Structure formats: C-alpha cells, structure tokens
Amino acid sequence: MSILNELAKSIEEGKLQEIKEQVSHALAEGLSAEEILEKGLMQGMDVVGKRFAAEDMFIPEVMLSARTMHEALLVLRPLLEQGDQNVKMKGKVLLGTVEGDIHDIGKSLVEMMFVANGFEVVDIGENISPQAFVDAIKEHKPDVVGLSALLTTTMPAMARTVEAISAAGLRDDGRLKVIVGGAPVTEEFAREINADYYGENALDGVEVVKQALAG
Amino acid sequence: MTYMTPKFVFSPAEQAVLKEKLFTLLEQKGVRMDHAAVVEILAGAGANVDGATKMVRFPRKLLEDLIGKIPKQVLLAARDPRFDLEIPRADGGFYVRTGTGAPGFLDPEDGEYHRTRIRDVATWAKLVGSLDHINFCAFPSPVDVPGKTADIHALREMLTYCPKHIWIQPYSGESIPYLFQLAELAAGGAAELGKRPLVSFITCSLTPLDYKYMDLEVIVQACRRGVPIHACSLPSAGGTAPVTMAGTVLLAAAEVMVLLAVAQAIQPGTPGIATPLIFSMDMLTGRSLQSSTEAIQGAAAAVNFIKTSFDIPVHTYGYGADSPDIDGQAQSERSLLSLMVALAGSDILGGAGQVEVATAISPLQLIVDNDLAGMVQQLRAGLSLSDETLAWNDLLNLQPGGHFLNNDHTLMHCRSAFKGRTFVRQSRETWLKKGQVDFLAKAKDIYDEIMAGEHAGLISQEVGQEMAGLVQTADRQLGV
Ligand code: B1M
C-alpha cells in the first residue's frame, strides 16, 4: 500500500496513536504537506463521510477518525501555513445555539461532522445572544457561521441573530455564509430569515457548506 | 425444568449495588447548580459547596435525611374532583399523562401534519376530559402565539377546557410566575392551590449532573405554594449519559433524587414524583430515541429501581414512538413500552398521544392509547383467583362436552372483558363488507363524537377576564 493510501486508511480506522508518526514519516519520505493532506488524509475522511452517510460507521467511530485527523494536523498545520497557500483547511466554522436555547447535542454532532471533514471549528456554546454571535464573528473571522435551535420558541432568536449579523455589515462582501439547523427549523424558515443554507442533519449541513465553499 | 422469573429489571442485589453507587456519586462527584439561593440553602443544610465551581456535594447522611422526607403519597387534584389522582393508586395500577411540549400536530380534521396551534391545545384538553383512561394532561407547544409566552397562552387554554389535572412544562424562567398565577386564579387563590393542586410542574436536570436556574427556580416556587413537582432527568445513552443502559439508569436516578432532595431542603414535605425519562442515542444517526429496545429497558429499570429503593412515586414515558407517524411501528413501540414500565411499577405512564420522539402529537393516537391504557391496566393487575373466578360450582357440575353459554355465571360476567373501542376484531370477509374500517378510522369516529359534544369552558366569566388580563400583561412584560 502506498504511503498516501496508508494515511487514508489510518484516518478511516482512527489510528490515533500512530498517525503523527506516519505523517512525519511521509514528510521524511519527501511528500509535501499539501499532498499528505489532500491525497492522503482527506481521502480517508471522504470515505468516513460516505460510510457514515450509508450508516456503515457509528458516531463514536467517526469521532475517532476526526480526532485522528486533528492529531495529524498538529504536525501538518505549521507547514501548510508556511506553504504557498494553495492548500488550506476547508474553512473555519463558528457554531452556537441561539439565545434562550441550551440544547447542545445536535450542535455537538454538527461540530463533529465539520471537524471530520477538515474544517476548523470554533464552538461558542449555548444560549448565545445575537450580539455575542456578532462579537465572536469579528474575533474569529469564520467563513461560515452555524446557528442551532431546538425550540420553536427560540426560532425568533435565530432570526434576530441572522439580522444582527447582517446589520453589523458582516455579510456585506458576501463571503460569510450563514447556515441554520435544528429539529424545528425548515428550509422554508431558513429562506424566510435570510440565512444562506439549511442543514437538515449534521451530515447534510456539512455537505451543503462543502458544496457552497467549493462553488 | 425450572421457569426463571423474567429479568427485565435489576435484581434486589443489583439494586443494592446501584443504591450504594448513587450515594457515592453524589457524595464524591456532586452536581453543578446555577442558583445561588438554592446552593445557599443546601450549604446551610450541610452540603459541601464550592462557590467558584458551583459544585454541590451531598454527604450521605444529609441525602438520606432529605430523601426520607419525600412524601410517599401525592395528590394531583383536578378541576373536577371526580378526576383527582391519589398516588399511589389504591389498586396498585398507574395513571396516564399525555405527551408534553410537542410543536407538531397530526390533525384528524384534514389528515395533515402541521405546527401546533392554540386551538389544537384546546382540542387536546377537550379530548383528555372525555377519555376514561387518560388521567391528566400536559400541553403541546403552540406556534401561533408569541414564542416567549407560548406556555402561558397554552396553560390558559388548558385551564379553560381540561377538567383533569394539568402538568406544566415552563419554557423559560420568566414565565414561571405567570404560570403559577394562572393556576392560582383557576384554583381560587394561592391557599386553595396549595390544598388542591390542580397543576404540577416539571423540573429537569441538564444531564450530566448540571442544573439550570429555571429548573431550580421551579422548585423554589413550587415549594412556596405546596405544588407537586415531577423531578425529571432526560439522559440520552451514548450522548449525555453512558452508552450502556445501566450507567444511564444510575445517572438518571441520581439526578432525579437530587431534584427531590432540593425540594425537601427548601420545604420538607413538598410532594415530588421521581421522573426518569430515558432516551438512547441512535449511534448511527445521532437521533434521540425513546422507544428503542434499550430505552424501554432503561425506563423500566429506572422506575423500578427508584420505587423499590426509595419507596416514592415514580413516573416515566409509557407511550410514545420513534416513528414519525401513527403507523404500525408506532403501535408496537408504545405497546412494548407501556407494558414494560407498567409491570416495572411506574405510578404514571406519560407521553400518551405522542410520536416522533415527543415532537408531535396525534389526537387519534391519544384515542388508541386510551384503549391501550385500559388494556395494560388490566394486564398489569393479573388474574384474580377465587371460587367465583374459577367458576368452581360450574366446574363441579360440569358434564363432559357441552358449553358454558347458558350458565348464569357466564351471563353475570360476560360484560367484564376489556373492550377497546378502536380494535378491529372481524373476519376478513366481514371487514371487507363493512368498508375496511381500521383502528384509526374507528379512532376518527370517536374523535368526531367527542368534538361534537358539549365543551363549555370551565372558567367563570370573571376569572376568564382576569386570566386574559394576566396573559396580556405577560405578553407586554416579557417583551412580545
Ligand atoms: C448549523 O447547522 C446546523 C445543521 C443541522 C443541525 C443544527 C445546526 N442543529 C441541529 N441540527 C440537526 O443535526 C442534528 C444531528 O443530526 C440534529 O440535532 P437535534 O438537536 O435535533 O438532535 C439531537 C442529536 C438529539 N436530540 C436532542 O438532544 C433533543 C431531545 C429532546 C428530548 C430534548 C432534550 C434531551 C432536552 N431538553 Co428539550 N428536548 C426536546 C427534544 C425532543 C426531540 N426529540 O428532539 C425538546 C426540543 N425540548 C423541548 C422543551 C420544551 C424543553 N427542553 C428543555 C430542556 C431539555 C433538557 C435539558 C432536559 C434536554 C437537553 C439536553 C442537552 N444537553 O441538549 C427546556 C428548554 C431549555 C432551554 N432553554 O433550551 C424545555 C423548555 C423543557 C423544560 N421546561 O425543561 C421541546 C420543544 C418544544 C418546542 N416548542 O419546540 C422538545 C421537542 C421536547 C418536548 N416535547 O417537550 C438536527 O436537528
């Protein structure tokens, strides 16, 4: 098996202990950080995503793969950041549950799926006010902001948050994308409140964002 | 061959282990509480409190003392005293509560699914008033009223139309005082509410081992008024609790006992009902499930453990489905769940009428659940044995062959078999000839019959006006 295939396999199988050494070995063999990420690690993550979608991998197994990816990136990230910028992480996502809502399990799953797909995630927690979202966006400069709401009664807070983000001028250049989700949230509601995307579940949310950022 | 007692709950020896671990967990690990006044009361009672982390640890002796004060009997009073519920039930059976908080409604009027509206809340209340085996009512979550006061609007509807006891699930800390005030108006004052609590409140832990301000505030206010609480924990095995159900049962029981102990520390004798509501996470999709095999086992084990170890009233889901519709799957799920938890000794079986893991309710399902409840009530009670039930005289006088159709004994007892109104028991031939009416079509007939009946509001004009004024104030004050 080629070094790149081995790396992909290690991500799929969640070889948390071995991965750093494998990445270092690949670098020593002369492979570039970009190649290792794109043709090795991300290939493994793609398989994980597909197997999860096909209900062939369980959540804790996906989480182990995501953690393994994270470990690998500890070695690669400094090199990637020095590199020619052709290859970057997929993007930075800022996640939070809206004001008045403390349900966080769905958000944690969404976070897991983003991490597993090579995104950098900042989770700002639950019961987050519109202003706190705005402040966090200014601080972390994400590509995507994800809002979660589990109560019909907190859906208005989701609308207010999207409004506040727009009013603060953070969407003016069209680069920041807003995705919303959670059990009572629908595609129609997402449109109504002027969000960019709707994620029906964790996997769907990541796919939508991946496609949008790729396009 | 010896027949083994089916092991669907923990054995006495296992329960002793669980009980030890419960005390150890709460003594060594403790819980976090976001309510300064409650933490202060607990500290005064002898709990070990860490002000910086808000962690509260319960020395065993303190917890035992507080648990010892939990009343063994609870009255859930009703607008119409004929529907008062005394727990535990004298015949050892259970009471049935409807599903709570559902934002989705499967409407029998048009067969469509839509978001719950305030008029659906009234429909729900009227149905409960007319179904014999549905003993008290929780309100669903309407979306056509302001979100911040949706619970307040829904409670007003309930108090207006439901003659039975009402369980209140507040949606925010700010609405709690209004909910109590509405209940007081309906009861005729705070003292009357305390004497005959027409409502009870739920209070929940934030699993694992965390307690929010709102839920602790519910306890404070309930204690002040002598209103019963349903102390809930909603763990999701694999998500917010151990993936192995035994660990989830232990965690839920520990969290529930803390809520009940808090109430006793504030006001000894406050009525409380231990309410572990057990979920398991589908490890393939992340969905919370309430009727998976494991969740059913967990619910049965949890109520049985708490009831046998602490001898207090217990309550869990008895109905509900993971299926999003009122299909065959939904019926199997609720049948298995209700039978298991009833046999495990639950005093209250909650969730009647709900599907899609507590996010939708269906009036037709509620009518079917009414039948299932009657059936399970009888199954739980078992057969009685006497010369009369043996038909001993008839047997002694029996000639081989023949039949019992003409016997006085048969005539006397022929009406006693349980008959659910929604069950279809025809031959295929008859069923086809009679238009293939299935159980849901029968439920629809019952629904039409109930809704066509007289449902006068239960509130006088004067109290109705006061309630309307209070709801308006709430809308204004809570910033609608
Ligand atoms: C950014 O992009 C995206 C994309 C996709 C996104 C996304 C973001 N966010 C989510 N998704 C999507 O992907 C995820 C994975 O595929 C999915 O996430 P979900 O979050 O939907 O799914 C999770 C993985 C599993 N689902 C869950 O974890 C929720 C399960 C249910 C049973 C539930 C639970 C467990 C809890 N609760 Co809550 N609770 C209920 C829930 C009923 C239900 N079946 O949903 C619901 C949502 N609760 C409700 C209520 C009323 C409440 N709860 C409350 C509290 C709690 C607990 C603390 C007890 C606990 C939460 C524990 C926790 N750490 O989150 C209170 C509110 C507190 C608050 N201020 O937020 C309280 C008000 C009750 C009370 N008085 O205590 C009801 C909502 C009613 C309404 N009006 O909408 C409810 C339907 C139950 C009910 N029937 O009463 C998708 O929606």
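Quick note on labels: first sequence line is chain A, next is B, and so on, each numbered from 1. No hydrogens, no waters, no symmetry mates; every other heavy atom, side chains included, goes into these values. None of the values given here were measured: they were computed from a predicted structure.
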Is the closest basic N to carboxylate O distance between [X] and [Y] below 4.0 Å?
{"X": "B/Arg119", "Y": "B/Asp107", "answer": "no"}
{"X": "A/Lys9", "Y": "A/Glu12", "answer": "yes"}
{"X": "B/Lys212", "Y": "B/Asp34", "answer": "no"}
{"X": "B/Asp322", "Y": "B/Arg287", "answer": "no"}
{"X": "A/Arg51", "Y": "A/Glu61", "answer": "no"}

(request) Measure distances from A/Pro184 to the heavy atoms of chain B and classify the residue's part below 4.5 Å as side chain, backbone, both or neither. (result)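 It is both, since atoms from each part get that close.
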(message) Does any backbone or side-chain atom of A/Met112 lie under 4.5 Å from a heavy atom of chain B? Answer side chain, backbone, both or neither.
(response) neither
Is it the backbone or the side chain of [X] that comes under 4.5 Å from a heavy atom of chain A, or both, or neither?
{"X": "B/Thr240", "answer": "side chain"}
{"X": "B/Arg115", "answer": "side chain"}
{"X": "B/Ser288", "answer": "neither"}
{"X": "B/Asp282", "answer": "backbone"}
{"X": "B/Met214", "answer": "neither"}

(message) Any donor-acceptor pair under 3.5 Å linking the side-chain atoms of B/Ser233 with those of B/Glu255?
(response)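 Side chains of B/Glu255 and B/Ser233: pair found under 3.5 Å.
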